[in-house]
Amino acid sequence: MIDAKIIRDNSTDLRQALVHRGSDSTLLDEFLVADKKWREALQMIDALKMKRNQLTPKGKPTPDQLLSLKELADSIKKEQEAVSALEETASILARQLPNIPLSDVPVGSSEDDNVVIDTIGDVPSFSFQTQSHDELGISRGILNFDQASTLTGSRFVVGHDKGAQLERALINFMLDVHTTNHGYKEVQVPVVVNSQSLFGTGQLPKFGSDLFKLEDTDYWLSPTAEVQLTNLFHDHIFQADQLPICVTAATACFRKEAGSYGKDVRGIIRQHQFNKVELVHIVHPEESHQELLKLRQHAESILKLLKLPYRVVELCTADLGFSSAKTFDLEVWFPSQNVYREISSCSNFLDFQSRRSMIRYKQENGAKVNYVHTLNGSGLAVGRTLAAILENYQQEDGSIIVPDVLKNYVRFDSL
RNA sequence: GGAGAGUUGGCAGAGUGGUCGAAUGCGGCGGUCUUGAAAACCGUUGUGGGAGCAAUCUCACCAGGGGUUCGAAUCCCUUACUCUCCGCCA
């Protein structure tokens, strides 16, 4: 959520930002009108309330006073309805405005305008015909899509034997690296969250159709632990010296993937349920630019340790997520498709989420309270990591070598 | 699932429908004292919205939402959460 004052004072810049994002700027214009009306009505009703407060006696009012107070109460009641309606209108509009991209974010009109920042690791060359991860997974007996579709439906998978163990090993490995090398605090969180939490990180109100909702409740299956880890601090005021906070969690994530029919139907790249290790930073506003680079390095280190070739892409304005002001995607190499595919997304949200979720800090000297900045990134998407390992470490005989760093975690060298 | 009790500021904890944004304690901040610190003492200390260049003025907020009333932290309804007892259960 953008501060209403900032919207009012910087409407020109904002309109430009919306254009760069490819979003509709009529939303902004509607907000400005509604906001103006609301403030005018607010001043009127505040004056009425002041009058009432002044007229209200300390004890029992006289019949005369009672009469004028009753009149006043009537007009306040009537006016209040109008004010509340206007406020609601303005705030519905404000909540739908996306974050403003930072000024150094490349301007673009589609994902084709994203900028490759860095390419790391050598793409493996194979002397044989490579298989896709799902072909490998099925032939090795470690991925079973038929069972999953019987159990549940499409876009689910059952992992078996060494595949299941490797997935578990990956989770442990990632969490160990982040807690031991990068100083994260590990937390166990529910995968079911309420509407307020989803609003806090920006999934609601606009993107409810991408989420699974539990019937007859206000509960949803969380699409990413970003929601849980950030809203852990909902309505909290930190002391400045408690920042930064770095937390991580491995959770199952759930997404409807509505509108992606026909996309990535094979394999485990796009599932309704997948495991992900998430990283969240809660930081002082002045630190967030630095922190984004740190966060990205933390995510990158997993790919480096696994010796998977990848590249870093900075998203252009058009491809930026709703809540984000700046995002780096990490894309891992998939030999069978001959492309890099997203495996992590690291974003700086500035105070966009902290305003929605009321996460603040108390400044050092003064008693001033201010919004923190929040950042998050995948460190990494576990299913996609498993898929990337299958493809990049495949051998001519269809077996797969276990990456060195995982050998301490599993009791086998190949699968 | 059934019965009951709660939810008040950073925390703990008072609060007969009007003078309550709210006692008191702790914590925080400033000061006195001290070579320095501790202790003691004195003072100060919530958040959000709106108007204004500003000083400042003003409105709202006692879990969320609704209601009664001229007036609600206080009464009523409702939702969420917490606790106790019973039942069930990994």
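Chain naming here is simple, since letters A, B, ... match the order of the sequence lines and numbering starts at 1 in each. Only heavy atoms go into these numbers, but all of them, side chains included; no hydrogens, no water, no symmetry mates.
By the ring-ring contact (aromatic ring centres under 6.0 Å, His included) test, A/F352 is found to be paired with A/F322, residues two or more places apart in sequence or in another chain being considered. Not counting sequence neighbours, the partners of A/Y184 by the ring-ring contact (aromatic ring centres under 6.0 Å, His included) test are A/H178, A/H281, A/H298. Residues meeting the ring-ring contact (aromatic ring centres under 6.0 Å, His included) test with A/F238, sequence neighbours left out: A/F233, A/H236. A/V116 pairs by the side chain to side chain contact (heavy atoms under 4.5 Å, CB included) definition with A/T119, A/R311, A/V313, not counting sequence neighbours.
Residue A/K5 places none of its side-chain N or O atoms closer than 4.0 Å to OP1 or OP2 of B/G48. Applying the 4.0 Å criterion to OP1 and OP2 of B/G49, one finds that A/R8 has every side-chain N and O outside that range.
Applying the salt bridge (charged side-chain N to carboxylate O under 4.0 Å, His left out) definition to pairs two or more places apart or across chains, none involves residues 67-79 of chain A. Pairs engaging residues 139-158 of chain A under the salt bridge (charged side-chain N to carboxylate O under 4.0 Å, His left out) rule: none recorded [sequence neighbours left out]. Under the salt bridge (charged side-chain N to carboxylate O under 4.0 Å, His left out) criterion, the residue pairs touching residues 24-40 of chain A are A/R8-A/D35, A/R15-A/D29, A/D35-A/R39, A/K36-A/E40, with sequence neighbours excluded. Pairs passing the salt bridge (charged side-chain N to carboxylate O under 4.0 Å, His left out) check and including a residue from residues 406-415 of chain A, sequence neighbours excluded, read A/D404-A/K407.
Rounded to a whole Å, the CG atom of A/D74 is 12 Å from the C1' atom of B/U69. Between the CD atom of A/E79 and the C1' atom of B/G50 there is a distance of 14 Å, rounded to whole Å. Distance CG (A/L42) to P (B/G49): 12 Å, rounded to an integer number of Å. Rounded to whole Å, the distance from NE2 on A/H234 to P on B/G64 is 11 Å. Here the P atom of nucleotide B/G66 and the CD atom of A/E81 are 11 Å apart, to the nearest Å. For A/E87 and B/G49, the CD to C1' distance is 8 Å, given to the nearest whole Å. Atom CG of A/L69 and atom P of B/G17 are 21 Å apart (whole Å).
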Could you list the protein-to-nucleotides 9-12 of chain B atom pairs, N/O on both sides, closer than 3.5 Å?
none

Set out, line by line, the N/O atom pairs under 3.5 Å between protein and nucleotides 55-61 of chain B.
residue : atom : partner : partner atom : Å
B/C59   : OP1  : A/N53   : ND2          : 3.2
B/C59   : O2'  : A/D46   : OD1          : 3.1
B/A60   : OP1  : A/R52   : NH2          : 3.2

Anything under 3.5 Å between a protein N or O and an N or O of nucleotides 77-83 of chain B, put it in a table, one pair a line.
residue : atom : partner : partner atom : Å
B/C81   : OP1  : A/Y219  : OH           : 3.3

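In this structure, A/I302 CD1 and A/Y310 OH are separated by 11.0 Å, a value rounded to the nearest 0.5 Å. The structure places CD1 of A/I92 at 11.0 Å from CG of A/L27, a figure rounded to the nearest 0.5 Å.
Side chain of A/Q54 to main chain of A/K51: no donor-acceptor pair is present (N/O by atom type, distance under 3.5 Å, no hydrogens or angles).
Consecutive pairing runs in RNA chain B reach the stem threshold at B:1-7 with B:80-86, B:10-12 with B:24-26, B:27-32 with B:40-45, B:46-51 with B:56-61, B:63-67 with B:75-79, where a stem means at least three Watson-Crick or G-U wobble pairs with distances under 3.5 Å.
Using the six-membered ring where Trp is involved, A/H272 and A/F156 have ring planes that are tilted, between 30° and 60° apart.
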